[in-house]
Structures are given as structure tokens and as C-alpha cells.
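Report on the following structure.
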Amino acid sequence: MPPTTRRMSFPRVVIERDTDSEESSSEEEEEPQNFDHEVEVEVEVEVEEEEVIENEKEAKVLEDVKKKGKAPITISLKKVCKVCKQTGHEAGFKGATYIDCPMKPCYLCKMPGHTTMTCPHRVSMEHGVVPARKRSTRSPLDFVFERQIRTNVPKIKPAFVVPDQVDCAVIRYHSRRVTCLEFHPTNNHILLSGDKKGQLGVWDYDKVHEKTVYSNIHSCILNNMRFSPSNDGTLYAASSDGTISCTDLETGMSSALMNLNPDGWHGPSSWRMLYGMDVNADKSLVLVADNIGYLYMMDMRSHNKTGEEILIHKKGSKVVGLQCNPVQPELLLSCGNDHFARIWDMRKLEAQSSLVDLPHKRVVNAAYFSPRSGSKILTTAQDNRIRIWDSIFGNLESPSREIVHSHDFNRHLTPFRAEWDPKDPSESLAVIGRYISENYNGAALHPIDFIDTSTGQLVAQVMEPNITTISPVNKLHPRDNVMATGSSRSLFIWRTKDDSELVQEKDERKIILCGKSGKKPKGKFDCGSDDDSDNDTFSPKGKKSKSNKSEAKPSSYTLNKFKTKSTKSSK
DNA sequence: AAAGCATGATTCC
DNA sequence: TGGAATCCCTGCTT
């Protein structure tokens with residue numbers, strides 16, 4: 001299947017400023033940023049000329065120094081690479097295209113000797129995602145064996161359905177970046193979102209305006225949340241404040257069930273945080289793990305801790321992911337900062353007793369069993385590789401596939417996690433946001449990638465000109481062809497184009513602006529009042545139009561800045 | 001428009 | 001072993 005291409009036109013967008021005062025709290029006064037699309041102008045620097053000038057300047061400096069008879073002070077007037085501090089090249093954005101520092105290893109595959117632009121993992125596919133070569137550490141017998149075991153995976157892969165169009169959004173809904181998302185297990189239009197500040201958002205994206213942010217549940221990062229398997233109005237959340245919260249979504253009442261810091265703050269070295277979390281319906285347990293390698297279990301009925309904590313990862317390292325196998329709930333998968341993902345048998349859980357250790361080259365952000373058979377494992381590591389083990393019953397010595405994909409660690413971003421599409425019967429489609437940007441007709445955009453993990457092929461990359469921030473948090477709906485994205489502080493709901501047109505009468509999107517909006521509204525998502533620039537087309541109208549030869553795209557497509565419903569905006 | 005800040009894994013000593 | 005320096009395509013503010 002060829003990669004799904006970008007949409008050639010974008011629908012009209014209805015923007016509404018949030019009127020209720022439910023917006024998430026935010027200390028600072030906020031000002032919307034500009035979003036006037038300035039098309040990239042390629043500045044072709046005449047290097048030689050510049051060098052001459054610089055040399056002249058340098059010579060002058062040297063001359064002055066000589067006159068004064070003092071020891072020469074080294075003043076470099078040459079432009080210096082901000083990455084390696086050497087001259088002769090410069091790293092950074094040239095328009096919407098990022099130029100790597102050639103002295104550093106490739107930002108994509110991390111190998112030295114080339115840059116992202118010429119990375120072999122990018123060249124063949126134009127957009128940076130290709131399969132790594134399959135490792136040949138397995139014998140043919142392994143594959144035969146594996147085929148016998150994996151019986152419940154369909155032989156013919158159905159066509160993937162990709163939600164590729166933003167249907168509605170809440171902009172600046174959270175007061176800090178979004179850290180996790182969860183769809184309501186039974187109510188199809190409810191999206192739960194957690195943020196770095198510990199706030200919990202509940203948004204009915206069908207009735208777009210129905211949204212709440214709870215700000216008093218946690219005091220810092222909400223790392224993971226799960227619904228109670230026995231009561232879908234109850235949500236558990238694990239936070240870096242060291243507590244598990246249990247929230248009744250009807251009443252908004254919340255209680256802390258576990259507190260790893262009962263004595264309060266005694267400095268960063270003693271503060272405990274909760275990261276990984278899952279629920280085990282069979283055993284009626286909430287499983288959580290902390291920042292120093294321990295696993296805790298809590299009974300969901302009594303809300304009491306059961307048993308002692310168990311060291312499941314290297315002491316002192318974060319355990320960021322926990323998941324019980326969907327088919328065999330006594331199988332537990334964990335992953336963390338010690339560069340391992342591990343499989344455990346919950347019937348004999350103790351330190352050092354893992355069934356399997358899956359080594360990675362860097363921190364493992366996430367590890368998931370496949371959603372239906374539970375027999376595959378998908379991990380996301382900070383070495384820019386997605387790894388897939390095709391069968392937990394087969395040879396687990398090395399991953400079945402490693403897919404090079406840009407999802408680096410950045411301390412200011414929520415860690416990326418590749419997640420399975422729960423609706424894909426073949427258990428091969430996964431979604432993950434992309435770190436490095438693509439020059440998209442002059443705008444640097446960060447697509448969300450859909451990857452066929454059975455081949456490593458990029459199935460689709462979805463993006464939206466108005467989302468200029470990176471989208472590390474993405475969740476596919478368990479039943480509908482819907483995807484939720486958390487990008488910076490905003491939430492987006494994507495649908496497939498056809499579905500979207502069924503839902504919306506016209507080709508219209510509903511965008512709700514939250515957060516304090518300050519003075520003159522102007523720019524992205526915010527052309528509400530007087531900023532009524534009719535220039536909605538986004539085309540290389542630039543001055544020296546020598547840019548984008550390679551981007552052989554239509555000369556213009558409609559960007560449709562998100563408009564207000566108010567009378568003024570539609571011309 | 002440029003600079004500053006928030007702040008986590010890793011490396012180095 | 002532990003603290004300091006380093007970092008890199010961020011996102012926001014002043």
C-alpha cells in the first residue's frame with residue numbers, strides 16, 4: 001500500500017473562543033503566537049564573498065592587536081555552528097528545512113558519517129521510515145514453529161484505516177503539555193487527558209463544548225491512567241506526586257489511594273514518583289511502578305496495598321511502562337530506564353525472576369503486548385528505533401524487526417510511545433508521532449506516522465498545517481476510526497475524511513480556544529476578532545520563488561486558517 | 001527578533 | 001558512586 005498522501009485541501013474550520021471559565025489554570029498571562037504563514041525564502045549565502053569579508057575583518061582585528069602590541073585575543077567573526085562550534089557550516093533551520101550539523105551522528109539513525117538528509121533510512125522512502133534489515137539470527141525452524149503458534153492472526157491483512165483529518169480540537173486546553181490520553185471504555189465520545197501539572201481533562205468531543213479540567217487530583221505529572229474494569233465511571237491515575245488517584249468521573253470526587261511520600265518533601269533524592277500503571281481485572285489489582293525500580297500492587301476493592309514492593313528494574317531507575325497481557329493476564333510486561341523491557345509471571349513475582357529480559361540500546365519509553373492475541377510485543381526506545389517481537393512464544397533473543405523512526409528523547413517533550421491500533425485484526429498497524437519535521441510547502445510540520453510493523457513500511461503520515469508543535473501522544477480509539485492527539489497543551493480529534501463528513505454537516509471543523517487569550521487575538525487558531533486576513537491560501541508566493549523545487553506539490557492548497565463562526569470571518 | 005527558561009538522560013570525572 | 005556539565009529539529013514567554 002502506498003503511503004497515504006497529505007490532503008490537498010483542508011476543510012473550513014469553525015473556531016470558538018471558550019466562554020466558560022473552566023479553562024485550566026495557568027499562572028502566566030498568555031499571548032497567542034503569530035501564525036502568519038511566511039513562505040520559506042531560501043537564502044543562498046554567497047559563502048566565498050562572506051568569507052572574504054570575514055577574513056578582512058579578522059585581518060583588521062589582528063592589525064589592531066599588533067598595533068597595541070598585546071597578546072592577540074581570539075575573536076572569531078566567522079559564523080559558527082551552534083551544535084559543534086566549528087566554522088564552515090551551520091546547523092539549524094533554513095526556512096522550514098533543518099540542516100544537521102555534519103559533525104554529529106545522524107539525528108535519525110544515530111550512525112556517524114551522514115546527516116538526516118542523506119540517511120539510508122530516509123532516502124528510500126522520502127519520509128524517514130523504513131525497516132531495518134531483518135536480523136538473521138533465527139533459523140528457518142523458528143519461523144515454522146512460530147507460524148504454528150500464531151493461529152489467530154489473519155493471513156490476509158485488511159486495509160488499514162487511518163484517521164487523517166482533524167475533526168475538532170481544544171486549543172490550549174491544558175495549562176501544561178499533555179502527557180497521556182485514554183478513551184472512555186464505553187462512552188464513545190469521552191476523552192481523558194492528563195498533563196504535566198497533574199491535571200485531568202475530561203472532554204466530550206462529540207458535544208465539543210463539554211469539557212472539564214480537574215486541577216486538584218495531582219500536584220505534578222500525571223504519567224498514566226486506566227479505567228476500572230469493574231466500573232467504567234472510575235479512573236485510576238499514577239502521578240509523579242507519588243500517589244494513585246481514584247476518581248469518580250460522575251461526581252469528580254477523587255481520593256489518593258497510595259502515597260509514597262507520606263512525610264512530604266525532603267529533597268529530590270528521597271521523593272518517590274509513580275510512572276508505569278495498569279490494572280489487572282482478573283486479580284482485581286492496580287499495578288504501579290515507581291522511579292527507583294519497584295512495583296507495587298493495590299487491591300481494587302479494598303484499596304489496600306497487597307504484598308511488598310518488588311524490585312523489577314535496576315535499582316534507582318524509572319519503570320515507565322506496565323501492561324498485563326490481554327489474553328493471559330498473569331503475564332506482565334514492564335519497561336524502563338534501565339534499557340530493558342521484561343516479561344513477568346505474576347504468579348511468581350519477585351526480584352530477578354523475570355521470564356524474559358528484552359535489552360535495548362537506550363531507555364524504553366513504552367512496551368505493549370499486541371491488543372488481540374497478546375502474542376506480539378512492540379517497544380519504543382530512545383535510540384530512535386521501534387522494535388517488534390512477533391511472538392512471545394518464539395525466540396525472543398532479538399527483536400523480529402527494528403524500525404528506525406525519529407522519536408528522540410527531549411526533556412521538554414512527553415516521551416513518544418508507539419501504540420498498536422486496537423482495531424487492526426492483523427495486529428500490525430502502529431501509530432507514533434514523529435520528532436523531526438518535514439518541510440511541508442514551507443512549514444516545518446511534525447507528522448504522526450502509521451507504521452505497518454510487520455514490514456516496517458510507513459503506511460501513512462498525517463499532519464495538519466495548524467499543528468506546528470510535535471505530537472508525542474496519540475491514541476487510537478478502541479472501536480471508532482478516530483484518533484486523539486495531545487500536542488503541547490492542545491487536544492485534537494482526527495477522523496477519516498469520509499467519517500468526518502458524515503459527522504459534520506459540512507466540511508467543517510470545530511475548534512475551541514481555551515486558555516487566557518490576552519490582547520490582540522492574532523494568529524494560529526485565534527483569528528477571532530479583527531484579524532480577518534483573507535489570505536487563507538498558503539502557497540509559495542514568496543519573494544524569490546526558487547524554493548521547493550523538490551516539493552512538487554500543487555502550487556497552492558487551502559490552508560483555511562481556523563476561522564470564527566462570527567459573521568466577519570467568512571468571505 | 002533575540003534571548004531566556006523549564007528541566008531529564010547521559011557522560012564524564 | 002554521585003554531582004556537574006552537556007545537549008540536539010521544543011514551546012513558550014518577555
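Heavy atoms only: backbone and side chains are in, while hydrogens, waters and symmetry mates are out. Lettering follows sequence order; numbering is per chain, from 1.
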*Using a heavy-atom cut-off of under 4.0 Å over every strand shown, decide if F93(A) touches base, sugar-phosphate, or nothing.*
base
*asked:* Applying side-chain contact (heavy atoms from CB on, under 4.5 Å) to E90(A) and I99(A), what does each step give before you reach the verdict?
replied: CA-CA 8 Å; E90(A) 269 186 279; I99(A) 311 297; over 6 Å; no
*For K85(A) and dT6(C), what is the distance between atoms NZ and C1' respectively, to the nearest whole Å?*
10 Å
*Qualifying residues under ring-ring contact (aromatic ring centres under 6.0 Å, His included), relative to W389(A), sequence neighbours excluded*: H360(A)
*Parallel, tilted or perpendicular: rings of Y435(A) and F416(A) (30°, 60°)*: parallel
*For the residue pair W203(A) and Y173(A), does the interplanar ring angle fall in the parallel (under 30°), tilted (30 to 60°) or perpendicular (over 60°) class?*
tilted
*Does D408(A) have any side chain to side chain donor-acceptor pair (under 3.5 Å) partners at least two apart in sequence or in another chain, and if so, which?*
K110(A), N384(A)
*R176(A) CZ to dG11(C) P, straight-line distance once rounded to whole Å*: 15 Å
*In whole angstroms, how far is the P atom of dG11(C) from the CZ atom of R172(A)?*
15 Å
_Base, sugar-phosphate or nothing for S437(A)? Non-hydrogen atoms, less than 4.0 Å._
base
_Protein-nucleotide distance (D408(A), atom CG; dT10(C), atom P), rounded to Å_ = 11 Å
*OP1 or OP2 of dT10(C) less than 4.0 angstrom from a side-chain nitrogen or oxygen of S488(A), does that happen here?*
no
*asked:* Using the rule side-chain contact (heavy atoms from CB on, under 4.5 Å), only one of L191(A), L491(A), V213(A) pairs with V170(A); which is it?
replied: L491(A)
*Starting from P on dG11(C), measure out to CG on D195(A) and report it in whole angstrom.*
16 Å
*dC8(C) P sits how many Å from Q86(A) CD, rounded?*
12 Å
_Check: Y275(A) main-chain N/O paired with N224(A) side-chain donor or acceptor under 3.5 Å_ = yes
*Interatomic distance at P, dC12(B) relative to dC8(C), whole Å*: 15 Å
*Calculate the interatomic distance between I467(A) atom CD1 and dT10(C) atom P; express it in whole Å.*
17 Å
*Nearest whole angstrom, please: distance from the P of dC12(C) to the CG of L413(A).*
11 Å
Quick one: which protein N/O atoms are closer than 3.5 Å to N/O atoms of nucleotides 6-10 of chain B? Pair and distance per line, please.
{"residue": "dA6(B)", "atom": "N1", "partner": "H412(A)", "partner atom": "NE2", "Å": "3.3"}
{"residue": "dA6(B)", "atom": "N3", "partner": "H412(A)", "partner atom": "ND1", "Å": "3.3"}
{"residue": "dT7(B)", "atom": "OP1", "partner": "K196(A)", "partner atom": "NZ", "Å": "3.3"}
{"residue": "dT7(B)", "atom": "O2", "partner": "R411(A)", "partner atom": "NH1", "Å": "2.9"}
{"residue": "dG8(B)", "atom": "O6", "partner": "R411(A)", "partner atom": "NH1", "Å": "2.4"}
{"residue": "dG8(B)", "atom": "N1", "partner": "R411(A)", "partner atom": "NH1", "Å": "3.3"}
{"residue": "dA9(B)", "atom": "OP1", "partner": "K318(A)", "partner atom": "NZ", "Å": "2.6"}
{"residue": "dA9(B)", "atom": "OP1", "partner": "N337(A)", "partner atom": "ND2", "Å": "3.0"}
{"residue": "dT10(B)", "atom": "OP1", "partner": "H339(A)", "partner atom": "NE2", "Å": "3.4"}

